[in-house]
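Computed from a predicted structure; not experimentally measured. Chain letters run A, B, ... following the sequence lines, proteins first, then strands; residues in each count from 1.
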2 protein chains.
Amino acid sequence: MLQQDVLRDRIVARFEEMSPQLQQAARYIVENTQEVALVSMRELARNAGVQPATMTRLAKFLDLSGYEDIRGHFSEALRLRADGFAARAREREGEHGPAGSGLAHDMLQSLSAQIGRLSEPESLARLEGAADLLGQARRVYVLGLRSCHSVAWHFHYVMTLLGDRTVHLDGPADTGADGLLRAGPEDVLLVISISPYAVQSLELSALAREKGLSVVAITDSEVSPLIPISDQVILCSTESRTFFHTLTPALAVSEVLCGLLAARDREGSLKALQEADQHLATLNIYANSIPRRRI
Amino acid sequence: MLQQDVLRDRIVARFEEMSPQLQQAARYIVENTQEVALVSMRELARNAGVQPATMTRLAKFLDLSGYEDIRGHFSEALRLRADGFAARAREREGEHGPAGSGLAHDMLQSLSAQIGRLSEPESLARLEGAADLLGQARRVYVLGLRSCHSVAWHFHYVMTLLGDRTVHLDGPADTGADGLLRAGPEDVLLVISISPYAVQSLELSALAREKGLSVVAITDSEVSPLIPISDQVILCSTESRTFFHTLTPALAVSEVLCGLLAARDREGSLKALQEADQHLATLNIYANSIPRRRI
DNA sequence: CGTGCATTGCAACAAGTGTTTCAAAAATTA
DNA sequence: TAATTTTTGAAACACTTGTTGCAATGCACG
């Protein structure tokens, strides 16, 4: 096996010291680590040909508090392996991990992997499909409420620099939906929504569809309520070790869409960008050092 | 998803026919298939936020004899996946770059790497340092203009769910800066700004410093104008193959900061989150399906 | 040949499992 | 509106789980 597994190694290392029954249990575990996670202790014992109690005793022998520790370890290992984190986890183990405040490290590794997974063939195809639809649109309406506002706004902002085809469905005093007033079948709605789904996003998307718009959705699940009313769907993970969902992969998706759209019309994009630059320059929007205070 | 999974597909296919509770259970299963194999039904139900009985009912709904069938299926799937993992990993290494339409692929790979690089020891130390400062603050003022608005707003939004210590320096009619009116030495400014740097971000940061605030900066370069006036700096890459800079790594950084802050006060965060949930629930902000039009 | 000691099997245990039943609540229909 | 059906929550069910204490077993050593 490729994976490095501290507990498994410990079992192997202390194998010789074990009594015959313990060895029999240990042998079965070492040779079937996934089974530990997948079946009950009693069944494992049955398959290994030992008494249930022997498994508990093996745990104690390994200085663990009980069999649950063994199962916990191999469950976690299997979880990671199945997620495709194995390679990264191995790297992580290799580095001198102080095991201290691993949260930041874990979050970043996980984000990196989640975005990496977006470059699998199926995701790429969906991204291209979405870019096709968006590219043909007369106007692109962008909708993202609450947590998804950041993604919607960023897409809109970048597209604004590249042209004037996008309309951001947001505004003060609940006027956000007004943008759809004159939208029609030649237009496309780009909606970003993740669980829990904002009612208004769903309602507006349904309305857009009724008005004949095509719908491109960036969402988080194959059973997202947006799927039935969308022409193109891009799925991105929002899993996180924290209390809240991550939007980093969704933002990555939106940036890729911007990139694809810009690439479809290099000349136009470049020209629009130059105009934007000039506009912002005359307004003195940007600086490279802290300006002296304007009195 | 590479593997085909008949049961998962069946769940997705019949999702629409399900009752709300069944949908909630089904949604959780579809999005966490490994968990089905790894934890008990009751725990799965707990995590999915449904009654244990609902899982059994879901099984019956799918024409299975009981929940054991569901678990059996996903256990088998996980077993196979774990076995075939090594082989597939090797394959994946081989299929490097079909070169066709590579932009999306390249962008995602690059983003994944950029975020991965953030988990190097130095970055982690800076993140911890920034979290320390932010954690002690009486109030946290968040400032991000133009392209950085998305990051600033996302940070603010998440922190709002976790408590009420943050103030977003943005607003209509150029009132954004007003928030700093009563800020003082006990407060911290979190500013996000990348090249080209918005003049107003620099000005406001300088003002905040004059008022005695500590400054935490998320920026893109060791020669960023923010560095001299900041107490803690987190650098993140904005390089991109496109015409515009990427903000995905910056968003990742802000999410990690949120995570670290939440972890510093688990109890408080959890409680605040529950309150937020309740508030949003009474307002009917969220839904899991397209609601019938309100007349 | 016993004696001591680790090892093993067994039975009992509290706790947790998946399932079923039933009544209340909600949604739908008349 | 009332009547009907569907959906939901809660409790009880029989069963399995992981653990533990105790007696039986085997085995080495005087």
The criterion is salt bridge (charged side-chain N to carboxylate O under 4.0 Å, His left out); which residues satisfy it with [X], sequence neighbours excluded?
| X | result |
| --- | --- |
| B/Glu267 | none |
| B/Asp164 | none |
| A/Arg27 | none |
| B/Arg57 | none |

How many whole angstroms separate atom [atom1] of [X] from atom [atom2] of [N]?
| X | N | atom1 | atom2 | value |
| --- | --- | --- | --- | --- |
| A/Leu22 | C/dA6 | CG | C1' | 11 Å |
| A/Leu58 | C/dT8 | CG | C1' | 15 Å |
| A/Phe61 | C/dA6 | CZ | P | 14 Å |
| A/Lys60 | C/dA6 | NZ | C1' | 18 Å |

Side chains of [X] and [Y] only: does a donor on one sit below 3.5 Å from an acceptor on the other?
| X | Y | answer |
| --- | --- | --- |
| A/Ser65 | A/Asp69 | yes |
| A/Ser224 | A/Thr219 | yes |
| B/Glu255 | A/Ser240 | no |

Atom pairs, protein N/O to nucleotides 21-27 of chain C N/O, distance under 3.5 Å:
unit_1	atom_1	unit_2	atom_2	d
C/dT21	O4	B/Arg57	NH2	3.4

Kindly say whether A/Thr166 contributes a backbone atom to a donor-acceptor pair with the side chain of A/Arg139 at under 3.5 angstrom?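 Not a single qualifying donor-acceptor pair exists.
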
Is the backbone of A/Leu44 close enough, under 3.5 Å, to the side chain of A/Glu35 for a donor and an acceptor to pair up by distance?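 No.
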
Can you name the residues that form a side-chain hydrogen bond (donor to acceptor under 3.5 Å, both in side chains) with A/Thr56, not counting sequence neighbours?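 A/Thr56 satisfies side-chain hydrogen bond (donor to acceptor under 3.5 Å, both in side chains) with no other residue.
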
Could I get the full list of side-chain contact (heavy atoms from CB on, under 4.5 Å) partners for A/Gln51, not counting sequence neighbours?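 side-chain contact (heavy atoms from CB on, under 4.5 Å) check on A/Gln51 returns A/Thr54.
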
Mind checking side-chain contact (heavy atoms from CB on, under 4.5 Å) for B/His73 and listing every partner two or more places apart, or none if nothing turns up?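 Result, side-chain contact (heavy atoms from CB on, under 4.5 Å) vs B/His73: B/Asp5, B/Val6, B/Leu7.
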
Going 5' to 3' on DNA chain D, which nucleotide is the first and which the last to come under 4.0 Å of a heavy atom in chain B?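 Answer, 5' to 3': D/dT7 to D/dA10.
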
Can you list the residues that meet the ring-ring contact (aromatic ring centres under 6.0 Å, His included) rule with B/Phe61, with sequence neighbours excluded?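 ring-ring contact (aromatic ring centres under 6.0 Å, His included) list for B/Phe61, sorted by chain: empty.
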
For the helix from C/dC1-D/dG30 to C/dA30-D/dT1, what angle separates the axis at the start from the axis at the finish, each from five pairs, in steps of 10°?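 Result, rounded to 10 degrees: 10°.
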
Under a 4.0 Å heavy-atom cut-off, which of residues 39-46 of chain A touch DNA chain D?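 Hits under 4.0 Å, by residue number: A/Ser40, A/Met41, A/Arg42, A/Arg46.
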
Using a cut-off of 4.0 Å on non-hydrogen atoms, how would the nucleic acid contact of B/Gln51 be classed: base, sugar-phosphate, or nothing?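 Base, at least one base atom sits under 4.0 Å.
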
